Amino acid sequence: MTTKAPEFQATALEAIPKIASLARGQFRTHKTKNIEWRKTQLRKLYWALEDFKPQLVEALKSDLGKSSFEALLTEVDWVKKDCMWMLDHLDSFAKDQKLGSPDVPATYSIMNFRVKKEPLGTVLIIGPYNYPIQLLLCPLVGAIAAGCTAVLKPSELTPACAMWTKELIEKRLDSGSFAVVNGAIPETNALMAEKWDKIFFTGSAQVGSIIAQKAAQTLTPVVLELGGKNPAFITKNCGNLALAARRLLWGKTQNAGQVCMSQNYVLIDKDLVPTFIEFLKVAYKDMFPNGAKASPDLSRIVNKRHFQRIKKMLDDTQGKIVMGGELDESELYIEPTAVLVNSVNDSMMQEESFGPIFSIYPVNTLDEALNIANLIHKTPLSLFTFGNKAENNRILNEMTSGGATINDGFFHGAVNTVPFGGVGDSGWGAYRGKASFDSFTHFRTIAETPGWAEKLIRVRYMPYDFKALAFLNRLTEKKPNFDRSGKVVKGFGYWVKFLFGLGGKSAKGAFLRWLVVLVAHYMYTNRS
Ligand SMILES: NC(=O)C1=CN([C@@H]2O[C@H](COP(=O)(O)OP(=O)(O)OC[C@H]3O[C@@H](n4cnc5c(N)ncnc54)[C@H](O)[C@@H]3O)[C@@H](O)[C@H]2O)C=CC1
Ligand SMILES: CC1=C(/C=C/C(C)=C/C=C/C(C)=C/C=C/C=C(C)/C=C/C=C(C)/C=C/C=C(\C)C(=O)O)C(C)(C)CCC1
């Protein structure tokens with residue numbers, strides 16, 4: 001089969017309602033509730049990715065100039081690993097969860113409480129352009145695992161990937177249950193006019209807001225995986241400044257920095273700035289011994305619009321380019337570039353670069369750095385800290401983010417089985433690993449009241465009987481061990497528990513303490 005992608009073809013608008021209706025109809029057959037059926041789809045997706053690997057690698061090259069190395073590591077093989085991991089864990093994720101203590105008080109243990117994991121239904125997955133395979137198909141892995149049917153809308157900015165994705169999904173997965181609609185705003189709007197049981201959107205905050213507003217009209221739940229202006233903090237106590245420079249440069253060179261979770265700017269102790277810049281240049285030389293432009297490893301910017309957007313940030317900055325700075329629109333090439341700035345109003349601080357450029361902002365204190373970062377973007381998608389333990393903990397405590405990495409670039413987002421998502425306006429919800437299954441699952445609590453218990457539980461019936469209520473309260477009510485000011489009162493009960501528990505804070509703690517006492521007693525009494 002040729003590796004050249006078919007000419008990009010948007011899905012006919014009039015076909016979209018039928019595609020959505022077919023996916024809904026497939027869900028209503030209930031076949032997706034069969035775990036083996038879901039596993040079969042995941043296995044088919046795995047082999048489709050394997051078999052279409054040459055086409056997908058070629059498509060990523062033509063759409064983004066993405067190296068085959070990154071095309072495999074962060075796209076095709078990444079999703080294949082997702083399929084394998086989900087296959088290994090799906091049985092445990094999908095089985096009913098029996099509820100007991102402490103969720104269910106002993107009094108109600110006869111009700112056989114359990115949580116049934118049910119697919120939400122038919123979902124819409126909208127993907128971005130920067131990782132057009134991974135960021136579209138990893139949510140699909142979750143949807144399949146949860147038992148949903150799905151319609152995918154790839155980004156039109158990566159047309160070759162979109163066309164091959166359509167082919168591999170529609171040719172290899174269950175017909176009608178999984179479909180791809182290609183197109184841009186009109187097609188996405190036509191999809192948004194349909195009723196979905198969940199929408200999973202990855203893209204800009206601006207478009208995410210449009211999606212969320214439309215979804216709200218039909219009370220459709222959404223997951224939003226958005227962007228952010230992500231800070232990196234480097235303090236005097238960062239330990240290895242050269243390591244910080246190399247690891248942060250990694251975050252801005254992979255995929256030519258078109259990574260929503262990479263750092264946008266670096267807040268660094270002012271005394272470290274000259275050395276940091278030198279270390280950046282050393283790392284740059286290591287990564288690109290023959291220059292970045294000649295390197296087969298560095299992606300290109302996806303299109304002229306984004307190229308011009310990034311170029312404008314550099315044109316508008318009042319800062320000084322201290323590394324890189326070469327651009328070539330004919331190749332959509334932008335050199336990894338660092339800009340030394342001194343104003344929070346600088347274009348390099350105010351916008352998400354979503355490219356291979358970032359700013360360096362000297363600070364006097366960690367207080368100043370935290371104030372600036374919270375001013376620039378209170379809820380970024382990521383943050384990175386290079387300080388001592390106390391400083392890192394303080395940064396994590398005083399600044400939130402979707403995820404964070406200590407002492408590296410975006411490593412919290414470089415392992416496909418740990419939860420990934422934003423916070424505040426950088427995203428709603430999470431996926432990857434079990435979170436992918438959970439994201440498309442309804443956790444349905446079920447109780448079952450046995451007939452023989454009717455006399456035991458008559459308390460709820462009229463005519464109400466306060467004696468029965470008092471009896472129920474005696475069984476179920478816990479006396480407070482605190483007073484009205486919220487202070488724990490160390491009364492008789494407290495001391496009895498303390499003594500019998502040997503001061504342990506929990507049953508496990510008490511057990512372990514008693515075990516130590518008994519072993520010590522045994523060893524003493526049996527000493528030679
Ligand atoms: N949190 C995450 O995992 C990620 C977040 N992003 C964010 O996405 C942005 C870059 O990706 P893009 O693809 O440019 O995002 P985008 O928001 O422009 O497009 C995303 C999707 O929305 C569709 N779309 C665009 N405009 C629309 C409109 N007006 N109405 C309806 N649908 C529309 C596009 O066709 C595409 O499929 C950056 O802001 C980046 O931070 C990108 C990748 C991952
Ligand atoms: C080899 C042994 C060991 C240790 C091995 C280790 C620690 C290996 C480390 C490997 C590394 C650093 C791999 C890095 C991989 C990076 C990846 C996969 C990046 C992925 C990027 C993605 C998915 C980007 C997504 C972008 C998004 C969502 C966005 O737009 O933001 C031991 C264990 C130490 C000893 C045995 C041998």
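Just so it is clear, the model here is predicted, and its values are computed rather than measured. Atoms within each ligand, like the ligands themselves, are counted from 1 in listed order.
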Tell me the nearest of [options] to [atom], using heavy-atom distances.
| atom | options | answer |
| --- | --- | --- |
| atom 16 (C) of ligand 2 | Ala414, Gly413, Cys260 | Ala414 |
| atom 27 (C) of ligand 2 | Glu225, Met261, Glu70 | Met261 |
| atom 41 (O) of ligand 1 | Lys153, Glu352, Lys229 | Glu352 |
| atom 5 (C) of ligand 1 | Cys138, Gly402, Pro128, Cys260 | Cys260 |

Tell me whether the centres of the aromatic rings in Phe384 and Trp250 are closer together than 6.0 Å.
-> no
Quick check on contacts: which atoms of ligand 1 are under 4.0 angstrom from a heavy atom of [X]?
| X | value |
| --- | --- |
| Leu135 | 43 (C), 44 (C) |
| Val207 | 17 (O), 22 (O), 24 (N), 25 (C), 26 (N), 27 (C), 28 (C), 32 (N), 33 (C) |
| Thr188 | 31 (C), 32 (N) |
| Gly227 | 41 (O) |
| Ser155 | 37 (O) |
| Leu381 | 1 (N) |
| Ile126 | 21 (C), 22 (O), 37 (O) |

Tell me which part of Lys81 gets within contact of ligand 2: side chain, backbone, both or neither, using heavy atoms under 4.0 Å.
-> neither
Counting heavy atoms only, which part of Leu135 comes closer than 4.0 Å to ligand 2: side chain, backbone, both or neither?
-> side chain
Rounded to the nearest 0.5 Å, what separation is found between the [atom1] atom of [X] and the [atom2] atom of [Y]?
| X | Y | atom1 | atom2 | result |
| --- | --- | --- | --- | --- |
| Thr202 | Ile211 | OG1 | CD1 | 11.0 Å |
| Ser155 | Asn182 | OG | CG | 9.5 Å |
| Ile19 | Glu187 | CD1 | CD | 10.5 Å |
| Glu50 | Asp77 | CD | CG | 7.5 Å |

Quiz item: cation-pi between Lys312 and Phe307, 6.0 Å / 45° = no
Ring-face cation of Arg300 near Tyr333 (centre distance under 6.0 Å, axis angle within 45°) | no
Please determine if [X] has a nitrogen or oxygen closer than 3.5 Å to a nitrogen or oxygen of ligand 1.
| X | answer |
| --- | --- |
| Gly127 | yes |
| Glu156 | yes |
| Asn130 | no |
| Thr202 | no |
| Ile210 | no |
| Tyr431 | no |
| Ile185 | no |

Give the residue and atom name of whichever protein heavy atom lies nearest to [atom], and the separation in Å to one decimal.
| atom | answer |
| --- | --- |
| atom 26 (C) of ligand 2 | Tyr131 CE1, 3.3 Å |
| atom 23 (C) of ligand 2 | Gln134 NE2, 3.3 Å |
| atom 9 (C) of ligand 2 | Phe411 CZ, 4.6 Å |
| atom 7 (C) of ligand 1 | Gly203 O, 3.1 Å |
| atom 17 (O) of ligand 1 | Ser204 OG, 2.7 Å |
| atom 15 (C) of ligand 2 | Leu73 CD2, 4.2 Å |
| atom 10 (C) of ligand 1 | Phe354 CE2, 3.5 Å |
| atom 18 (C) of ligand 2 | Trp78 CZ3, 3.6 Å |
| atom 12 (P) of ligand 1 | Tyr129 CD2, 3.5 Å |
| atom 1 (N) of ligand 1 | Leu226 O, 2.6 Å |
| atom 22 (O) of ligand 1 | Phe201 CE1, 3.4 Å |

Does Asn130, backbone or side chain, put an N or O under 3.5 Å from an N or O of ligand 2?
-> yes
Could you check whether any side-chain N or O of [X] sits under 3.5 Å from a backbone N or O of [Y], counting only pairs where one atom can act as donor and the other as acceptor?
| X | Y | result |
| --- | --- | --- |
| Ser204 | Val207 | yes |
| Thr317 | Leu314 | no |
| Ser426 | Gly422 | no |
| Asn230 | Asn264 | no |
| Arg38 | Ala143 | no |
| Asn393 | Lys389 | yes |

Verify the contact flag for [atom], where contact means a protein heavy atom under 4.0 Å away.
| atom | value |
| --- | --- |
| atom 4 (C) of ligand 2 | no |
| atom 32 (N) of ligand 1 | yes |
| atom 36 (C) of ligand 2 | no |
| atom 20 (C) of ligand 2 | yes |
| atom 1 (C) of ligand 2 | no |

Ion pair Glu58/Lys61, N-O distance below 4.0 Å = no
Could you walk me through whether Glu335 and Lys293 pass the salt bridge (charged side-chain N to carboxylate O under 4.0 Å, His left out) test, one step at a time?
-> CA-CA 7 Å; Glu335 186 178 16; Lys293 193 171 185 179; over 6 Å; no
Derivation and outcome, side-chain contact (heavy atoms from CB on, under 4.5 Å), residues Tyr265 and Gln263 | CA-CA 6 Å; Tyr265 61 96; Gln263 77 279 2; over 6 Å; no
Per-residue contact class, His306 against ligand 1 - non-hydrogen pairs under 4.0 Å | side chain
Where does Phe420 meet ligand 1, judged by heavy-atom distances below 4.0 Å: at the side chain, the backbone, both, or neither?
-> side chain
I would like to know whether His89 and Phe437 meet ring pair (Phe, Tyr, Trp, His ring centres under 6.0 Å); could you show each step before the answer?
-> CA-CA 10 Å; His89 296 84; Phe437 175 85; over 10 Å; no
Search all heavy atoms of Asp82 against all heavy atoms of Cys138 and return the closest pair with its distance.
-> OD2-SG, 3.2 Å
Would you call Phe276 and Ile360 a side-chain contact if the rule is heavy atoms closer than 4.5 Å?
-> yes
